[in-house]
Amino acid sequence: MMSFSRTSSSAGILTFPPATQFYPGLRDYFPVALFSSSIRSMSSSMAAFSSSQGLPIRSSSHIAARSRRKAITIDTVNPYLRHADYAVRGQLAICAEELRERLKNGDTSLPFKEIINGNIGNPQAMDQKPITFFRQVLSLVQYPPLLEDEYADKIFPRDSIERARTLLNEIGSIGAYSHSQGVPYIRKSIAKFIEERDSFPADPKDIYLTGGASSAVSSLLTTICGGPETGVMIPVPQYPLYSATLTIANATPIPYLLDESTGWSTDINHIATVVKNAHVKGVDLKAMVVINPCNPTGSCLSREEVKGIITLAAENTFMIIADEVYQTNIYEGEFHSFKKLLRELQRDVPGKYDSVELASLHSTSKGVVGECGQRGGYVELVGIDELVLEQFYKLVSISLCPAVSGQVLTELMVNPPRPGDESYPLYKEEVDAVYKTLKERAFLLFNAFKEMEGVSCQEPMGAMYLFPTIRLPLKAMKEAQRRNEKPDQFYCLELLEKTGLCVVPGSGFGQKDSTFHFRTTCLAPGEEYVRRIIAFHTEFFKKYS
């Protein structure tokens, strides 16, 4: 279909794409300028003819009025998109940006001097520094002439230069499209990483590079969801990416509750009941989402919990979507990958687990890497029907390929400097420092919550969030009702307006009836903002008790 654009040099005159774009042979007969002028002349002639015949002439004001009508309005936009909620960047985040703009414009009336975005896990927006080796290699692959500079080996360590040369030899230019599934060399690196982590082989053909884990979730759910009859189990509380994507896909989220009283554990018996009830209601249960370590609760699954979920999947035929992007953020216990325990069960109980379908997600955005803006990640698909894989590949091919720079960063994450490499001492120092800082900040905030009246919080085991319970006074509940706000949202808005800290109400993640929570990251530096939270909470309870 022909498209038109306005040009500033011909006030109001419509300009056309070159005619030869549609009819290449036309170039031999009419210069493009002549073709365009002929169109304008024809338009003028038609206007004159209309006038002579007494026909109405469309005035510029009439045309302008029509142009103000919108083809797409809030009433005609995709209704599933309109009904999707993504609380992490919802009302609280919008209010926070308005307050940030006021501060930027010199407003001194606010009781704080900065906005702290505790609503989103965005480490480098706080004070987390990039890993030097990663940025060095990225610099070299972004601008290869640096490799030929006579001083290159004085600026960059030898191993970063060697890695950049290897990657460029495999990729070519990172400004070119890669294979839709990802650069083959990088998929081999990821397979090696998984094999070293799990002590079981991994196949590069099962690995798809993605634009962070979020795009993998979108592609997976788009592939498996066929309408409202499709059910996908999601934890409650959950990361709202899942509920929002299911809403847009017009599929049915099936919640299963995490048990706060036992450290947000996953009760296998409860999930079995959820599965049974879904089947009774005629829901076509296709998948179960598991976030481990968990966002928002910070809990980690035990070996027994992981094996129990895999057994349920084997017995009830649903796919496991294992969101494992926080696998290096473990403060208590250890991380158990679904892939490893699936392979153990397949080895120990031949036949029973052979048909289990598993999608495992990882990302460069979290952990000690924290490169959210680079949009790197991958999904490993295991036990998936070959015809389904063809459809998944077709879907990811529509976007051509994930960002190649994000793919490079993913390779660096899974294949960092090793002992003996020139960059290893600095890499180890930086990674240890980031990990130590993340853990210290998590427990600093956790200890603060323990001091606060009406607040209880599970000890952080992993990830980079806390999800405390708030038992709000009756007077605060009534005030929230008067303002037509959910009680936890009311509390969080008050917190933002008094301290500048933006968090997310628990209602944005899902929570057990009659309970109230909020989620905050543990990324902000310093202790001063923690003191502000304690002071606010004390005054809030004094005011509403």
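Residue numbers start at 1 and run along the sequence shown.
Legend: ring-ring contact (aromatic ring centres under 6.0 Å, His included) pairs involving residues 286-308, not counting sequence neighbours: none detected.
The heavy-atom pair separating M126 from I116 by the smallest distance is CE-CG2, 4.1 Å. In plain terms, the two heavy atoms of Y331 and N329 that are nearest each other are OH-ND2, 3.8 Å. Summarising the geometry of V289 relative to P235, their closest heavy-atom pair is O-CD, 3.4 Å, with the distance given to 0.1 Å. The nearest pair of heavy atoms linking S405 to L138 is O-CD2, 3.8 Å. When all heavy atoms of G182 and Q407 are compared, the closest pair comes out as CA-OE1, 3.3 Å. Minimum interatomic distance between L167 and L412 (heavy atoms only, all atoms of both residues): CD1-CD2, 4.5 Å.
For the side chain to side chain contact (heavy atoms under 4.5 Å, CB included) with C294, the lone residue among T266, L258, L301 that qualifies is L258. Tested against E260, the residues Q511, Q458, H517 include a single side chain to side chain donor-acceptor pair (under 3.5 Å) partner, H517.
Taking CZ of F392 as the start and OG of S219 as the end, the distance is 5.0 Å to the nearest 0.5 Å. Atom OG1 of residue T223 and atom CG of residue L389 lie 9.5 Å apart, to the nearest 0.5 angstrom.
Ring geometry for H179 versus Y393: interplanar angle of 30 to 60°, hence tilted. The aromatic rings of Y378 and F193 stand perpendicular to each other, their planes meeting at an angle above 60°, with 30° marking the opposite boundary.
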* Begin with the C-alpha distance, continue with both residues' side-chain angles, and end with the deciding distance and a verdict on side chain to side chain contact (heavy atoms under 4.5 Å, CB included) for V414 and I186. => CA-CA 9 Å; V414 301; I186 295 176; over 6 Å; no

* **Candidate pair Y239 and V325, rule side chain to side chain contact (heavy atoms under 4.5 Å, CB included), full reasoning** => CA-CA 12 Å; Y239 180 48; V325 302; over 6 Å; no

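Classification of R441 and D127 as a salt-bridged pair holds, one side-chain N sitting under 4.0 Å from a carboxylate O. In summary, K129 and E430 do not engage in a salt bridge, as defined by a charged side-chain N under 4.0 Å from a carboxylate O. Taking a cutoff of 4.0 Å between a charged side-chain nitrogen and a carboxylate oxygen, E440 and K436 qualify as a salt bridge. A salt bridge between E371 and R135 is present, with a side-chain N of the basic residue lying under 4.0 Å from a carboxylate O of the acidic one. Ion pair R163/E411 flagged as a salt bridge, since at least one NZ, NE, NH1 or NH2 atom sits closer than 4.0 Å to an Asp/Glu carboxylate oxygen.
Remark: R519 qualifies as a cation-pi partner of Y465 under the 6.0 Å distance and 45° angle criteria applied to the six-membered ring.
The salt bridge (charged side-chain N to carboxylate O under 4.0 Å, His left out) check on R375 picks up nothing, with sequence neighbours excluded. Residues satisfying the salt bridge (charged side-chain N to carboxylate O under 4.0 Å, His left out) test with D354, not counting sequence neighbours, are none.
Aromatic pair F509/Y242: centroids not less than 6.0 angstrom apart. Under the 6.0 Å cut-off for aromatic ring centres, F133 and Y424 do not qualify, their centroids lying 6.0 Å or more apart.
When the shell of 6.0 Å around OH of Y143 is examined, it contains 12 or fewer heavy atoms from other residues, nucleotides or ligands.
Side-chain contact between F467 and P296: present, with at least one pair of heavy atoms (C-beta onward) separated by less than 4.5 Å. By the 4.5 Å heavy-atom criterion applied to side chains, E459 and E332 are counted as neighbours. Taking 4.5 Å as the limit, every side-chain heavy atom of I321 sits out of range of all side-chain heavy atoms of M288.
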